[in-house]
Structure formats: C-alpha cells, structure tokens
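Everything below concerns the one structure shown next.
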Amino acid sequence: MEQVLFHQNTLYVYNTTSRQKERFEPLHAPFVGMYACGPTVYSEPHLGNCRSFVMYDLMFRYMLHLGYKVRYVRNITDAGHVESTSGETGDRISKQAKIEQVEPMEIVQKYSVKFHRIMDTLNCLPPSIEPTATGHIVEQIEMTKKIMENGFAYETDDAIYFDVEKFSANYPYTKLSGRNLDDLLNNTRELGGQESKKGRLDFALMIKAKPEHIMRWPSPWGDVYPGWHIECSAMSEKYLGKTFDIHCGGMDLIPTHHTNEIAQCVACNHVDPVKYWLHPNMLTVNGQKMSKSLGNSFLPAELFDGSHPLLDQGYSPMTVRFSMLQAHYRSTLDFSNDALKAAEKGYKRLMNAKSALDQITISGTINNEEEANVNKLLLATYDAMNNDFNSAQAIAELNEAASMINTWNSLQNKKANIQEHTLLRLKTLLHHFLFDIFGLLEESENNNEKLNGVMELVIDIRKDARGKKDFATSDKIRDALQGVGIQLKDSKDGTSWQAE
RNA sequence: GGUCGGAUGGCCGAGUGGCUAGGCAAGGCUCUGCAAAAGCUUCUACAGCGGUUCGAAUCCGCUUCCGACCUCCA
C-alpha cells in the first residue's frame with residue numbers, strides 16, 4: 001500500500017518565469033512530467049555539474065515520496081553542442097575526439113559511463129528516461145521543418161537558423177530571462193566568426209556538416225548535425241508532451257538555452273511548453289563560479305580521495321551530497337575545506353542519531369511538552385520541503401530531532417515520554433527523510449559480517465586487558481586500529497567501532 | 001558597458017516584519033585509566049547610511065563591495 005501524501009502536503013516551487021513561489025499543481029495529477037538538462041558528454045562532470053543533478057534528484061525523490069507518479073527525463077547531449085565563439089565551428093564532442101584521437105562516439109561512450117558512475121556514487125536515482133540527442137535526430141529534423149513551415153526559421157549556406165527577431169514580434173522572447181530585447185539586439189559586443197545568420201540573436205537549429213565532420217545525418221538540407229537547443233525541445237515533447245510540468249537546469253542556462261527552447265516549442269506548437277521552470281544556482285569556489293573555462297573545477301574523484309590541491313583530506317560521497325543538501329538549491333554554495341569538514345560532522349551526527357533512535361522506547365507516561373515538541377517537528381520538516389524543497393531548513397529540523405534523541409539516549413533507561421505512535425512516526429520520518437528523500441546512505445562498514453566478527457574478538461581482548469589494567473596492550477590495540485582507519489568508541493555500555 | 005542577483009556571528013549556511021534557525025569551530029562541563037567518541041552547555045550576527053512601521057535581517061531609497069549572464073558552461 002502506497003501512501004499518497006500530496007493531498008496533505010502542498011508543495012510550493014519558485015518559478016523562474018514568474019519570479020515567485022507558486023503552488024505546485026501538476027497538469028495531470030498524480031502524474032508529473034519533469035525534464036532536466038543532462039550533461040554534454042565530452043568531458044568529466046565537475047562538482048558544480050553534480051550539484052545540479054543532486055538537486056534534481058532531491059526534487060524527484062521528494063515528489064515520489066509525496067506520491068506523485070513522476071516521469072523524470074534527463075537527456076544526454078552526445079551531439080551538436082556547438083562552440084561558436086571564434087569562427088571555428090564544430091561541436092564539443094568532435095573537438096574532444098580530435099584531441100583524444102578517437103571516434104566521436106568513443107568520447108560519448110567514455111564520458112557517459114563516467115557520468116553514470118558518478119551519479120551512482122552520489123546515490124542519484126536514474127531518471128525514468130534518459131534519451132540521447134543522436135537517438136532523436138529524426139525528431140529534431142521534423143521539428144526544424146515545422147518551425148520553417150511556420151515561418152520562424154530560414155536556410156543559409158551553412159545552417160538553418162531560428163529567426164529571433166521575427167519570433168519576438170509575436171511572443172515575448174525574453175520572458176524567462178527578464179532581459180530587455182532591445183538591449184540584447186543593440187549590444188555592441190562584437191561576435192567572432194563569419195556566420196551567415198541575419199540577426200545577432202539568431203541561433204542554429206541544424207548546421208550543415210562540412211566534409212570533414214564525422215557526426216552527420218541526411219536531411220532535406222543535405223548532411224547536417226543538430227544545434228544544441230533543438231534536442232531538448234524535441235525530446236521533451238516526445239516523452240512529456242507539448243506541455244509538461246517541470247523543466248530544470250542550471251541558472252546559467254536561462255538566458256540562452258532555455259529561452260531558445262521555449263522559442264522553438266512555441267514556434268513549432270504554438271504553446272508554452274513548461275509550467276514551472278526550476279533553476280539551481282551555481283557552485284562557487286572562493287566566491288567564483290566553478291567552471292571548466294575558469295580552471296577552478298573540482299572533479300568528484302579529486303574530492304573523494306583528497307588529491308585536489310585546495311583540499312587537505314578526502315571527503316566521502318555522502319559528505320559531499322550532505323553538504324549540497326545543507327544549502328538551498330537556489331543559493332550559491334561555496335565549496336571549501338571548512339564547509340566540507342562541517343558537513344562531514346553534521347552528516348555523522350544525523351546518522352548517529354538515526355541509529356540511536358532504534359534503541360529508544362516509550363516510558364508509558366506522556367510528557368505534554370515532549371509530545372508537542374515531537375509533533376511540531378514532524379510538521380516542520382515537511383513544511384520545509386514543501387517550501388520550494390528547502391532541504392537546508394529540513395536538516396535543521398532533523399537536527400532538533402537529533403538533540404531530543406540524544407537526550408533520550410543519554411538517559412539510563414533510554415525512554416521517551418511520548419505516545420507510542422508518535423515515536424513510530426519520528427522513526428518513520430527520519431528513515432524517509434535521510435534515505436528516501438535526501439538519498440543518503442550508511443557509509444560505515446559495520447555491516448561487513450567477517451569484519452564484525454574480527455572486531456568483536458579484538459574488542460573483547462582489549463576489554464580483558466583493560467580489566468587487568470594492562471593499558472599498554474589496550475592502547476596498542478586502539479592505536480593500531482586507528483592506524484588502519486577504525487575508531488574505537490568507549491562508552492558506559494561498552495565499546496563500539498566505526499570504520500572511516 | 002548593459003541586465004539580473006547577492007552581502008547574515010570565527011567558518012558554512014536557513015530565514016515568508018514581531019517568537020534567539022541549524023551545523024561546524026571555540027570555551028566550559030559530564031563520562032573516562034588516559035585519550036578519542038558521545039552527550040550537555042555558553043557564544044543574540046544580519047555591508048553602510050537614510051526612510052516606512054508600534055516594531056525591519058526581512059519592505060523602500062541611496063552608497064560600497066561581490067557575483068552571474070550578455071560568448072561555451074549545470
């Protein structure tokens with residue numbers, strides 16, 4: 001039996017289009033269609049990329065938890081992400097293929113695999129559908145044809161361009177970004193390259209492939225490869241329909257990629273494709289956006305093993321995930337040693353409280369204040385998430401829970417003065433939030449049976465030594481274990497251990 | 001240069017005009033053979049200057065600083 005919680009929990013989301021929080025009402029509840037811009041698989045994703053994917057995962061998980069039937073589509077851009085800055089035309093995949101001296105599809109394969117591994121490591125659920133651009137060339141060509149038929153695109157010697165000026169006469173092109181169209185049109189900044197497009201804001205739907213270009217597909221305009229924006233429009237329409245609920249993507253995609261996506265869809269289907277646009281903010285390093293071009297990227301692997309020069313230790317995947325959850329998705333998040341260290345401790349605190357809660361039972365008497373505090377907290381945690389997925393706030397509420405749990409746990413009898421079903425609800429809450437919604441995992445190796453057996457023995461030997469006041473032996477055991485990353489924790493109830 | 005968004009205690013970070021978010025660090029205490037771990041506890045901040053209000057971190061204006069986008073980026 002599945003719970004449907006969305007009737008009691010009204011979700012509010014910040015819609016970039018309206019610049020305010022709106023009540024989330026799916027077009028066809030309980031179904032929710034959600035599209036997120038996935039990676040361009042020409043290199044390894046860095047932590048900034050990962051943050052966005054973790055945030056989409058949080059949204060996906062929370063909506064699932066509420067009982068929505070979510071179809072989460074996240075594409076893979078494996079063709080056509082054009083670099084058009086300096087006259088050199090060509091897409092990122094082809095460029096990287098030249099650098100690594102392999103086939104473009106080898107690049108695609110290599111970095112798709114890496115991407116999926118990282119998503120697994122960070123415990124992101126796989127999307128419901130993960131379509132690739134190369135698998136949907138037909139749909140993209142069809143869409144381009146329709147846009148041309150509708151009069152919003154034109155052909156030149158080198159490409160099919162979208163006519164932004166013509167489009168903007170009929171529709172507020174800059175609606176999403178809030179930019180002033182005239183300012184954009186009159187921007188004095190010089191563009192490189194000698195493209196044949198008419199307007200400076202026009203963008204390529206399809207690019208005619210030069211003879212040396214390997215990734216190419218036949219079309220009414222000769223051999224072409226797709227522009228970047230058209231794939232998302234074509235694939236979102238195919239799997240979610242002409243209109244759907246949620247579209248996610250990094251904030252940096254608003255003025256260009258997402259603006260153009262809307263333009264394409266409207267020019268093609270005459271309807272606004274997306275009801276709610278949700279945009280996670282950037283990850284920063286020393287206040288600056290993490291980006292490949294700035295050279296300040298952290299790769300996940302460098303973070304996990306601590307090999308990045310700015311770090312003085314490694315941090316586990318769940319520490320990284322937790323640090324991302326501790327900030328709201330629309331705020332910038334600054335990555336630093338101190339922030340990660342704090343996250344590491346904070347994550348352990350919650351996990352420890354979760355384990356401690358398993359030992360807590362009810363006393364049989366009810367303390368009204370205790371009872372009220374727990375009930376308040378149960379609501380507050382949901383309220384936080386209902387308020388535009390405020391995981392930071394929700395974590396703060398769970399920390400309040402941790403304090404209560406720790407207090408009960410420090411009592412001789414480990415008993416709480418609350419109702420039985422209230423205790424049960426608290427246990428359920430912690431389980432749901434930590435594992436299902438936040439997507440955290442237990443990282444300790446305490447569930448390894450053989451190691452458990454060995455540790456039991458070692459702890460027993462040390463206990464005997466301590467009993468005989470043979471502290472040389474007991475300390476030797478403690479220090480040696482510390483050396484291999486196992487920490488012993490002495491308490492009144494005996495000794496437990498934890499692997500780093 | 002244009003447009004948009006920020007500035008919160010030692011650090012990271014929530015904050016929907018009134019009820020000290022939270023975590024980490026630091027100090028104190030409990031526990032302990034010593035330590036670690038764990039727990040309890042203390043630390044009342046909102047860039048500056050004006051304004052609105054009974055009351056402002058929150059609303060408005062100006063100033064300073066920072067960032068993002070405008071050219072590829074999640």
Side-chain angles (χ1 to χ4, degrees), chain A residues 12 19 21 36-40 42-43 45-56 81-86 91-92 174 177-180 182-184 186-193 201 228 248-257 279-284 287-294 297 322-323 326-328 330-350 352 356 380 384 387-388 390-400 402-403 406-407 409-410 466 469 471 474-475 478-479 482 487-492 495-498:
Chain A
Y12 284 81
R19 282 159 201 278
K21 281 179 200 164
C37 289
T40 302
Y42 72 105
S43 68
H46 60 64
L47 238 11
N49 304 126
C50 292
R51 182 194 184 196
S52 290
F53 297 124
V54 168
M55 292 300 112
Y56 312 148
H81 194 148
V82 185
E83 258 183 302
S84 64
T85 33
S86 57
D91 63 273
R92 288 170 171 267
T174 55
S177 66
R179 298 283 164 84
N180 181 316
D182 291 332
D183 287 347
L184 289 177
N186 299 326
N187 196 318
T188 51
R189 187 187 274 264
E190 280 302 313
L191 271 185
L201 295 177
W228 176 33
C248 308
M251 264 186 192
D252 48 355
L253 299 182
I254 295 170
T256 309
H257 183 52
H279 290 103
N281 212 322
M282 300 293 105
L283 188 71
T284 59
Q288 264 203 323
K289 175 183 174 180
M290 183 182 287
S291 75
K292 280 169 191 159
S293 48
L294 282 169
S297 311
F322 189 79
S323 76
Q326 269 188 312
H328 186 254
R330 277 190 297 109
S331 301
T332 55
L333 170 63
D334 204 58
F335 240 46
S336 65
N337 252 316
D338 287 347
L340 286 163
K341 269 184 196 154
E344 186 172 51
K345 289 284 190 72
Y347 161 67
K348 282 184 182 165
R349 176 178 148 87
L350 276 188
N352 288 341
N387 185 9
D388 197 23
N390 196 333
S391 53
Q393 183 78 49
I395 286 173
E397 303 299 343
L398 294 185
N399 269 309
E400 298 284 346
S403 292
N406 289 335
T407 304
N409 193 43
S410 64
R466 291 178 76 196
K469 298 204 185 295
F471 298 123
S474 69
D475 289 355
R478 184 174 71 195
D479 297 345
Q482 189 75 53
Q487 188 185 40
L488 292 182
K489 301 175 179 180
D490 295 325
S491 75
K492 260 184 247 172
T495 302
S496 63
W497 60 280
Q498 187 166 24

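Naming convention: chains lettered A, B, ... in sequence-line order (proteins, then strands); numbering from 1 in each chain.
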Paired nucleotide for [N] [Watson-Crick or G-U wobble; both distances under 3.5 Å]:
N: B:G50; result: B:C60
N: B:A21; result: none
N: B:A26; result: B:U42
N: B:G1; result: B:C70
N: B:G33; result: none
N: B:C65; result: B:G6

Are any of the side-chain heavy atoms of [X] and [Y] separated by less than 4.5 Å?
X: A:R466; Y: A:T495; result: yes
X: A:H46; Y: A:L283; result: no
X: A:Y42; Y: A:D91; result: no
X: A:L253; Y: A:C37; result: yes
X: A:L47; Y: A:C50; result: yes
X: A:K292; Y: A:N49; result: yes

Tell me the interatomic distance from [X], atom [atom1], to [N], atom [atom2], rounded to whole angstroms.
X: A:F335; N: B:G67; atom1: CZ; atom2: P; value: 20 Å
X: A:L253; N: B:U71; atom1: CG; atom2: C1'; value: 14 Å
X: A:L350; N: B:G13; atom1: CG; atom2: P; value: 18 Å
X: A:Y12; N: B:U16; atom1: OH; atom2: C1'; value: 12 Å
X: A:H279; N: B:G67; atom1: NE2; atom2: P; value: 23 Å
X: A:R466; N: B:A35; atom1: CZ; atom2: P; value: 13 Å
X: A:K348; N: B:A36; atom1: NZ; atom2: C1'; value: 12 Å
X: A:F322; N: B:C12; atom1: CZ; atom2: P; value: 17 Å

If the [atom1] atom of [N] is compared with that of [M], how far apart are they to the nearest Å?
N: B:A57; M: B:C19; atom1: C1'; result: 15 Å
N: B:U8; M: B:A45; atom1: P; result: 15 Å
N: B:C70; M: B:C12; atom1: C1'; result: 31 Å
N: B:U16; M: B:C11; atom1: P; result: 22 Å
N: B:C59; M: B:U53; atom1: C1'; result: 10 Å
N: B:G48; M: B:U71; atom1: P; result: 37 Å
N: B:C49; M: B:U58; atom1: P; result: 13 Å
N: B:A25; M: B:U63; atom1: C1'; result: 34 Å

Could you check whether [X] gets within reach of a base, just the sugar-phosphate, or nothing at all, counting any heavy atom under 4.0 Å?
X: A:S291; answer: base
X: A:L340; answer: nothing
X: A:H46; answer: base
X: A:E344; answer: nothing
X: A:M290; answer: base
X: A:S403; answer: sugar-phosphate
X: A:G48; answer: base

Side chain [X] and base [N] donor-acceptor under 3.5 Å:
X: A:R478; N: B:A36; answer: no
X: A:D475; N: B:A35; answer: no
X: A:R349; N: B:C24; answer: no

(request) Using the aromatic ring of A:F53 (for Trp, its six-membered ring), decide whether it stacks on the base of B:A74 within the limits of 5.5 Å and 30°. (result)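 According to the criterion (under 5.5 Å, under 30°), no, A:F53 does not stack.
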
Minimum-distance nucleotide (side-chain atoms of [X] versus [options]):
X: A:D338; options: B:C11, B:A14, B:G5; answer: B:C11
X: A:A339; options: B:A74, B:C12, B:G39; answer: B:C12
X: A:D252; options: B:G13, B:G22, B:C69; answer: B:C69
X: A:Q288; options: B:G67, B:A14, B:C12; answer: B:G67
X: A:T40; options: B:A68, B:A74, B:C70; answer: B:A74
X: A:D334; options: B:C12, B:G23, B:A74; answer: B:C12
X: A:N390; options: B:C12, B:A74, B:A14; answer: B:A14
X: A:R179; options: B:A36, B:G22, B:C69; answer: B:C69

[X] vs [N]: side-chain N/O to OP1/OP2 distance below 4.0 Å:
X: A:K345; N: B:A25; value: yes
X: A:S331; N: B:A14; value: yes
X: A:N399; N: B:G22; value: no
X: A:N180; N: B:U3; value: no
X: A:T407; N: B:C40; value: yes

(request) Please tell me which of A:Q393 and A:K489 maps to the more 5' nucleotide of RNA chain B, matching each residue to the nucleotide holding its nearest heavy atom. (result)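 Between the two, 5'-proximity favours A:Q393.
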
(request) Let me know, please, whether A:P280 or A:L201 comes out on the 5' side of the other along RNA chain B by nearest nucleotide. (result)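 The residue whose closest nucleotide sits nearer the 5' end is A:L201.
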
(message) As a quick check of understanding, evaluate side-chain contact (heavy atoms from CB on, under 4.5 Å) for A:Q326 and A:L333, giving each step before the final call.
(response) CA-CA 9 Å; A:Q326 269 188 312; A:L333 170 63; over 6 Å; no

(message) Please evaluate residues A:M251 and A:S52 with respect to the criterion side-chain contact (heavy atoms from CB on, under 4.5 Å), reporting the C-alpha separation (whole Å), side-chain torsions for both, the decisive distance (0.1 Å), and the verdict.
(response) CA-CA 10 Å; A:M251 264 186 192; A:S52 290; over 6 Å; no

(message) With a 3.5 Å distance limit and no angle check, can you tell me whether A:T174 reaches the backbone of A:S177 through a side-chain donor-acceptor pair?
(response)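 Flag not set: sc A:T174 to bb A:S177 has no pair under 3.5 Å.
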
(message) Quick one about A:R51 and A:S323 (side-chain donor to acceptor, distance below 3.5 Å, no hydrogens or angles considered), yes or no?
(response)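 Their side chains do not contain a donor-acceptor pair, so the 3.5 Å distance test is not met.
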
